[in-house]
Amino acid sequence: MNLATKDIRHNLGRFILTTVGVGMLLMVVMGMGGIYRGIIEDATLLIDTVGADLWIVQRNTRGPFAEVSRVPANLVHRTLAVPGAKTAREFVFHTIQRERGEIQRGQGKPIRIAVVGLSWPIDKGAWLPLVRGTPLSQNHYEMVADRTLGLSLGERVRLGKNSYTVVGITEGMISSSGDGLAFLTIADALDIQFDIPGEATRLEREARHTRGSLSDLGRAQPSITETAFKLPTEIAAIGPRQISAVMLTVLPGTSPDDVAAIISGWGDVSVYTADGQREFLLKGTVEKIRRQIGLFRVLLTIIAAVIMALILYTLTLDKLHDIALLKLIGAPNTRILGMILQQALILGMTGYGIAWVLGLKIFPMFPRRVILTGEDLMQLAAIVLAISVLSSILGIWKAMRVEPNEALTG
Amino acid sequence: MINAFAIETENLTKIYGSGNTEVVALQKTTIRIRRSEVVALLGPSGSGKSTFLTTVGLINAPTSGRIMIGGELIMDGTRALTDLPAFRRKHVGFVFQKSNLIPFLNARENVQIALELNGWTPRKARRRAIGLLDSLGVADRSEHFPTMLSGGQQQRVAVARALANEPNVILADEPTAALDSHRGRQVMQLFSEVAHAHGAAVIVVTHDQRSLDVFNTIYDMEDGVIRQGSLRQAHKHDDEASLR
């Protein structure tokens with residue numbers, strides 16, 4: 001006869017309520033682990049999926065994910081000339097914030113978009129995890145947006161002076177700060193980044209013309225001042241617009257480190273491997289939040305252990321008379337110990353199951369990704385098992401001290 | 001040769017506390033109770049009846065003296081000569097006032113657990129538990145939890161549990177305290193019947209004067225000393241109890 005299950009069945013309502021409570025507590029612990037994992041996954045998602053062996057960034061910066069990086073767009077051609085280089089792509093990354101009413105119909109809340117520029121036509125976004133629609137099919141005015149941005153397929157979104165049609169929807173493409181990613185061509189991404197109001201452009205042109213006309217050169221050659229009225233991109237002296245980084249892939253059989261060794265000799269850029277970029281993100285950008293969540297998770301686990309211990313201790317206190325009675329009729333201590341331990345394990349594992357089921361239903365509604373990996377779930381199951389055993393010790397200690405003659409009182 | 005005595009005590013003494021707080025609850029008690037003998041133990045509150053019962057029942061260790069059950073020396077002073085819980089579950093049955101059934105087990109399970117603790121397989125224990133409950137007239141309540149049983153039914157289940165392992169000794173502390181006179185007498189008669197049927201010695205601590213005729217022997221206890229008493233003495237104690 002299993003005394004643990006008999007007791008549970010007799011007090012089923014109380015046990016269910018207690019288990020649901022423990023389950024919700026464990027769900028928070030599980031969620032913390034999922035948020036922790038989500039932060040790490042989100043931070044490195046783009047680096048892991050974009051498929052670059054090397055990242056070439058502004059000299060002495062740590063790349064576009066860590067800080068502002070500016071390199072000339074023509075760096076692509078220079079890197080392609082390096083022995084061992086297979087492909088080189090431009091990369092633009094920046095985050096914008098708009099009111100929903102500004103970019104689509106209706107009024108609404110702020111929307112943060114992490115804009116990623118794709119090196120058209122080499123990169124049309126074929127590597128993106130699309131759930132609907134297609135990659136980019138033209139050089140301008142199309143975008144692929146992540147589902148978290150709340151944009152729908154075919155929707156036109158106004159950013160800067162232009163409107164962009166959503167041609168594809170991705171799943172789980174999030175920046176390290178948790179913002180949904182939108183993929184456009186490099187040209188469009190730069191247009192959005194350097195969108196300048198018309199009045200500012202006119203004022204700048206006028207100032208440029210005035211500066212030119214006041215200089216000796218401008219007076220001697222009026223055509224120079226005429227040129228100053230042109231668009232910045234049409235003025236050779238001003239040069240091309242700048243991008244965030246260049247992504248390089250190397251030929252099969254070539255070591256990225258060998259290629260990086262050549263590029264690192266250039267004075268205007270720094271070069272990092274994909275692992276290096278990942279390291280910068282985890283050790284830099286998300287390090288504090290990662291550690292904070294990690295510590296909070298540990299704290300919650302301890303709190304869960306204390307609460308479970310108190311619950312089990314209270315459940316044991318309620319049964320002291322019954323335990324004394326069992327001892328009186330000759331039940332050995334091992335039988336009583338087994339009863340408390342089994343109840344602790346049933347409570348812990350059922351609570352864990354409830355936490356898992358609730359988590360699967362609730363976590364997808366969270367604004368940021370909560371990732372439950374098999375490894376984390378197994379680890380938490382082992383922790384819950386250990387907590388169950390440890391937390392039952394207090395109750396077992398109390399039960400072992402009960403004398404059989406206590407059954408004769410009360 | 002089977003020992004004729006179910007319980008024997010020699011100079012059994014139990015002292016609580018020490019120095020100024022010392023209380024002698026049991027004074028050099030020597031008593032012999034035969035198999036099938038049904039004994040009533042009377043006495044005012046604080047006279048040491050429960051101490052005697054728990055000491056003989058191997059729940060409390062004596063300060064000095066010896067306890068023999070079924071001819072086997074079990075306690076020599078404070079020293080136990082056997083595994084007491086194991087011996088208790090095999091040779092001693094307890095019946096107390098109400099509320100001494102395990103609340104999360106039904107009537108059958110309350111009896112069955114005593115058997116399983118003694119090594120019975122669940123199937124055999126179940127069969128015997130139902131048989132015992134049937135013999136005590138509560139088989140129809142076997143799947144009911146204690147809270148669903150009347151006081152008399154609870155005591156019958158407790159008696160069934162006490163009898164389950166065919167113990168040498170059954171110890172009952174105020175078993176009829178929560179029962180009306182009719183039910184109380186039924187329980188006392190039940191003890192007498194099972195003592196004779198199973199050859200067990202039964203010691204009942206009671207204040208119930210109306211059923212004393214079912215006992216073979218009446219002992220009177222005062223200030224830790226046990227003397228063989230009489231029905232007249234028993235009535236005297238009852239009157240004193242009423243006056244208090």
Side-chain angles (χ1 to χ4, degrees), chain A residues 1-19 311-312 314-344 346-347 350 395-396 398-410, chain B residues 49-51 53-55 57-61 83-106 108-123 125-126 129 145-148 158 161-165 167 171-174 205:
Chain A
M1 188 186 303
N2 189 307
L3 294 173
T5 53
K6 292 283 177 192
D7 184 33
I8 287 170
R9 283 174 62 182
H10 191 250
N11 298 295
L12 196 58
R14 187 177 66 171
F15 180 78
I16 288 171
L17 283 176
T18 308
T19 311
I311 287 171
L312 287 165
T314 310
L315 288 176
T316 308
L317 285 186
D318 287 349
K319 283 198 291 286
L320 284 184
H321 186 264
D322 307 335
I323 290 169
L325 195 56
L326 282 166
K327 286 188 174 185
L328 187 72
I329 63 173
N333 278 339
T334 49
R335 183 97 187 208
I336 291 155
L337 182 149
M339 177 176 74
I340 297 169
L341 191 60
Q342 282 176 62
Q343 286 190 339
I346 292 169
L347 181 72
T350 312
I396 289 169
K398 184 69 181 172
M400 292 301 102
R401 290 166 61 93
V402 172
E403 293 294 333
N405 58 8
E406 289 177 39
L408 310 181
T409 59
Chain B
K49 302 186 298 294
S50 293
T51 298
L53 217 58
T54 55
T55 308
L58 309 174
I59 297 170
N60 277 334
D83 175 6
L84 294 183
F87 189 89
R88 203 162 53 224
R89 66 174 169 255
K90 193 167 184 181
H91 297 288
V92 185
F94 294 93
V95 182
F96 298 97
Q97 292 182 36
K98 65 168 188 175
S99 303
N100 272 317
L101 295 177
I102 297 165
F104 56 84
L105 300 180
N106 63 32
R108 172 184 53 77
E109 290 164 343
N110 261 286
V111 182
Q112 191 176 329
I113 185 70
L115 291 159
E116 285 188 21
L117 287 172
N118 213 20
W120 288 59
T121 61
R123 182 179 290 184
R126 182 191 177 97
F145 285 96
T147 49
M148 300 157 76
R161 185 181 64 194
L163 292 172
N165 290 306
L171 304 172
D173 192 0
E174 304 272 9
V205 168

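Naming convention: chains lettered A, B, ... in sequence-line order (proteins, then strands); numbering from 1 in each chain. Note that the structure is predicted; figures quoted are calculated from it, not measured.
Residue B:L101 comes nearest to A:L325 through the heavy atom pair C-CD2, 3.7 Å, listed as atom of the first residue, atom of the second, then distance. Taking each heavy atom of A:G330 and B:L117 in turn, the nearest pair found is C-CD1, 4.3 Å.
With sequence neighbours left out, A:K6 forms a side-chain hydrogen bond (donor to acceptor under 3.5 Å, both in side chains) with B:E109.
Counting heavy atoms from C-beta outward, B:D83 and A:P332 have side chains that stay 4.5 Å or more apart. Contact check for B:E116 versus A:L3: no side-chain heavy atoms found under the 4.5 Å cut-off. The closest side-chain heavy-atom distance from A:I329 to B:R89 is not below 4.5 Å.
B:R126 does not touch chain A: none of its heavy atoms, backbone or side chain, sits under 4.5 Å away. Proximity to chain A is absent for every atom of B:F87, based on heavy atoms less than 4.5 angstrom apart.
Note that CE of A:M1 and CG of B:L105 are 6.0 Å apart. Values are rounded to the nearest 0.5 Å. Distance CD1/B:I102 to NZ/A:K319: 12.0 Å, rounded to 0.5 Å. Between atom OG1 of residue B:T54 and atom CG of residue A:L328 there is a gap of 10.0 Å, rounded to the nearest 0.5 Å.
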Worksheet item: Which is it for B:I59 and A:K327 under the side-chain contact (heavy atoms from CB on, under 4.5 Å) test, yes or no, and what are the steps along the way?
Response: CA-CA 10 Å; B:I59 297 170; A:K327 286 188 174 185; over 6 Å; no

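Residues from residues 7-19 of chain A that place a non-hydrogen atom less than 4.5 Å from a non-hydrogen atom of chain B comprise A:D7, A:H10, given in numerical order.
Listed options B:P122, B:P103, B:A164 were ranked by heavy-atom pairs under 4.5 angstrom with chain A; first place goes to B:P103.
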